[in-house]
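We number each residue from 1, following the sequence as shown.
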Amino acid sequence: MTTADIKKILIFLAVCLVLAVQNLSAEERTIIYGGRNGWPQMAQLKNVTTGKGRFGYTCLQLATNSPAVTPDTDLLLHFEDQAMADSSGNYTILKNNFFLTDKSVQGKACALSRGTSLGMLLHGKQGSVFGSSGTIGSFSIEFWLAPSVAGNGETILAWRSSRNTNNYPTYQTITILFVNNKIEWNFANLFDGYTKNDGEVVMTGISNIIPDKWSFHKITFDEGTGLLEYRVNGSVEALQYLTTTGHESGSVYLPVLGVPADIELCPSYMGRIDDFRITRQNKPVQSPADTGSRLGLDKYDTAGGRFVTEPILTSPGSVLNTVTAITDIPAQTDVRLYVRSGDNFYGWTDTDPEWIPVNNGTAIENVTGLYFQVAVELYPDGAGTITPSVTQLAVEYTERPAPLPPFTISAKAGDCSVTLSWGYSVDETTGGYYVFYGERPGEYLGRIAVQGASPINVGNNNSLTLTGLKAGTIYYFAVSSWSKYDDHITGQLSREVYARPYGGSPGTKSHAAVPQENAAASQP
C-alpha cells in the first residue's frame, strides 16, 4: 500500500467521522417549559398567573379578575400578602388585625377577620377622599364578602367625622353593616342640603347574605344625576335619586366631607373580605349594564389571557416540528397555540411577524428560521368562573445540518489576481460555496476584489478568480459550504491557503516574482 493510498484512507475516515458527528447535531431538539423544569420568565404575561397544575407541577392559568390601579382609584386593598398595603398609595395602615388566608375569590389570598377586634384602621393622605375636606363628586365603594356570621350588627365599614353647617357642627357617618341577614348602607349628613330623615340616607339590599359564600357588593353615586345605586353580584338591590325632586330632573345634593377622619374596616365582623376598592371620578359613573363591564364581578376576564415565550434561538434554517402542551381544559374553556419565526427577532411587534395557529401535538408545516416564538391563549367559560391551565409546553424543532467544507483547496497567483480551486464537498446537503479572503491569516476582511467584499457567494462552482488585488501583497483564503436548504446555513471553513499576486514592472516596488501554486487539503 502506497503513501497516497494511506492518505486517501485517512481522508475517507475523517469524512465518515465528521458525517457521523454531523448527523448527531441534526437530531430533533426539544425545549421544555413548565413541568419539572418550572416556568421561566416570559416575553408577555397578560391576565395569566401561576397555579397548581397536573401531576403537582406549577401551571400557568388565568389570573382572577382583580381590579387594577387607575387614575380614579382612591383605595385598593387586594390582601395578596401579609403587608396588605393600599395599592394606590393614598392610605397608610395604622392598625391591622386581619389574617391572611388563601380561601380567596380574587387573586391568591384574602383577608380574614376574626370579629374579636378591629380588622384594619386606615389613614388617608392629603388629596384622598377620606384624607381631605370638601365635595367629592362621583364615587363608588365595592368589595367581596364571605361572612362566617350574617347576624345583625356585623359591621364592614365605619367612618365618623363632623363638619360645620351654618356655623353649627354636624356629625357625619358612613356605616356598612348587616341587618336581618342583609347589607345596609347608612350615610348620615353626607349629602349637602339633604334634610329628609334627619339627613340620613339608608340603602338596604333585598338579598339574604349566605354565610361562607362569596358575594360582590358595590354602591355608586353619580354627581350628574344624583343617582345612588346599590348592587349585589351585579343586580340592582336599591336606588335613590338624591335630588331636590327625588328624581333625575332635580338639583343634586352633592356629598361633602368635613374633618378628615380614619376609616375602620371590619370593626366587628367575622369572615372573609377581598378586593376592597374606593374610586373617585371626575365624570359620571356608568353602571355595568351601561358599559358591559363586569370588572371585579366575574372571577376571570371572559376576554381571556395570553402568555408568550421569549424568542427561541436555534440555528439558521431550523424547522419547527410540533408544539405540544399538557393542559387541563374544562368544559366551555379553551387553550389555543400560535407560532411564528424569523431570522432576526429585532423589530418584532405583537403582530409582525404574523402569528400562525397550530394544533396541539400536530405536525407543523413550513415554519423555519433562526428564531421561533410560541404564544398561548387561555379562555374561561362564558360565565367567567372556570379557567383552563397549561402544565407543560414542549417545542420540538430540527436544526438543519451545516454542510462540510471542501477537503482540497488551492490558490494560484496571477497578475493582480488569484485563482482559487477546490474539490466539491462530499456533503449532499451542500448547495454552494462562500469564498473568504483577507490580508492577514485568519482575518478575512478583504474588500478590494472586483468580485466583491469577503465573503463572496460563488454558487455551486468550484473555482473563482479574484481580480483587482494588489501586486506584492500576500492574501489568505478559505472556503465554506452553504446548505441547499438555506444559504444562511454555513459550515466551518476549509483549511487556509495563500498567494501573492504579481504585476507591475521589474525593479519597481510592486513587482513580485511569479510564485508556485499553493495548495492544502482541508481537514474538518
Students often mix this up, so state it plainly: with edges at 30° and 60°, are the rings of Y57 and F55 parallel, tilted or perpendicular? perpendicular
What residue pairs, at least two apart or across chains, pass side chain to side chain donor-acceptor pair (under 3.5 Å) with a residue in [range]?
{"range": "residues 344-358", "value": "none"}
{"range": "residues 364-374", "value": "R340-Q373"}
{"range": "residues 430-447", "value": "S425-T430, E439-K470, Y444-E496"}

From [X] [atom1] over to [Y] [atom2], what is the distance, rounded to the nearest 0.5 angstrom?
{"X": "D102", "Y": "L112", "atom1": "CG", "atom2": "CG", "answer": "11.0 Å"}
{"X": "S138", "Y": "D222", "atom1": "OG", "atom2": "CG", "answer": "5.0 Å"}
{"X": "I329", "Y": "S389", "atom1": "CD1", "atom2": "OG", "answer": "8.5 Å"}
{"X": "D275", "Y": "T64", "atom1": "CG", "atom2": "OG1", "answer": "7.0 Å"}
{"X": "D415", "Y": "L469", "atom1": "CG", "atom2": "CG", "answer": "10.5 Å"}
{"X": "Y397", "Y": "T322", "atom1": "OH", "atom2": "OG1", "answer": "12.0 Å"}

Mark yes or no for whether [X], through its side chain, and [Y], through its backbone, hold a donor-acceptor pair below 3.5 Å.
{"X": "D328", "Y": "P388", "result": "no"}
{"X": "E399", "Y": "S318", "result": "no"}
{"X": "S88", "Y": "T73", "result": "no"}
{"X": "N233", "Y": "S215", "result": "no"}
{"X": "R306", "Y": "N47", "result": "no"}
{"X": "D301", "Y": "N65", "result": "no"}
{"X": "S494", "Y": "P405", "result": "no"}
{"X": "R272", "Y": "C110", "result": "no"}
{"X": "T391", "Y": "G53", "result": "no"}

All pairs passing ring pair (Phe, Tyr, Trp, His ring centres under 6.0 Å) where residues 304-339 contributes a residue, at least two apart: W39-F307
Who are the ring pair (Phe, Tyr, Trp, His ring centres under 6.0 Å) partners of H123, not counting sequence neighbours? none
Among residues at least two apart in sequence or on other chains, which ones pass ring pair (Phe, Tyr, Trp, His ring centres under 6.0 Å) with Y91? none
Using every non-hydrogen atom in the two residues, find where [X] and [Y] come nearest and quote the distance to one decimal.
{"X": "S132", "Y": "K125", "value": "OG-O, 4.5 Å"}
{"X": "W422", "Y": "N461", "value": "CZ2-O, 3.0 Å"}
{"X": "R500", "Y": "G472", "value": "NH1-O, 3.1 Å"}
{"X": "G34", "Y": "I32", "value": "O-CG2, 4.0 Å"}
{"X": "A411", "Y": "V418", "value": "CB-CG1, 4.1 Å"}
{"X": "L265", "Y": "F98", "value": "O-CZ, 4.0 Å"}

All salt bridge (charged side-chain N to carboxylate O under 4.0 Å, His left out) counterparts of R336, not counting sequence neighbours: D334
Who are the salt bridge (charged side-chain N to carboxylate O under 4.0 Å, His left out) partners of E80, not counting sequence neighbours? none
With V358, which of V339, V374, V367, L320 fulfils side chain to side chain contact (heavy atoms under 4.5 Å, CB included)? V339
Does atom NZ of K484 have more than 12 heavy-atom neighbours from other groups under 6.0 Å away? yes
Hey, are the side chains of H217 and L145 touching, using non-hydrogen atoms and a 4.5 Å cut-off? yes
Any side-chain heavy-atom pair from V376 and V335 closer than 4.5 angstrom? yes
Please name all residues satisfying side chain to side chain donor-acceptor pair (under 3.5 Å) with [X], sequence neighbours left out, ordered by chain then number.
{"X": "S454", "answer": "none"}
{"X": "D381", "answer": "T385"}
{"X": "D274", "answer": "none"}
{"X": "N321", "answer": "T398"}

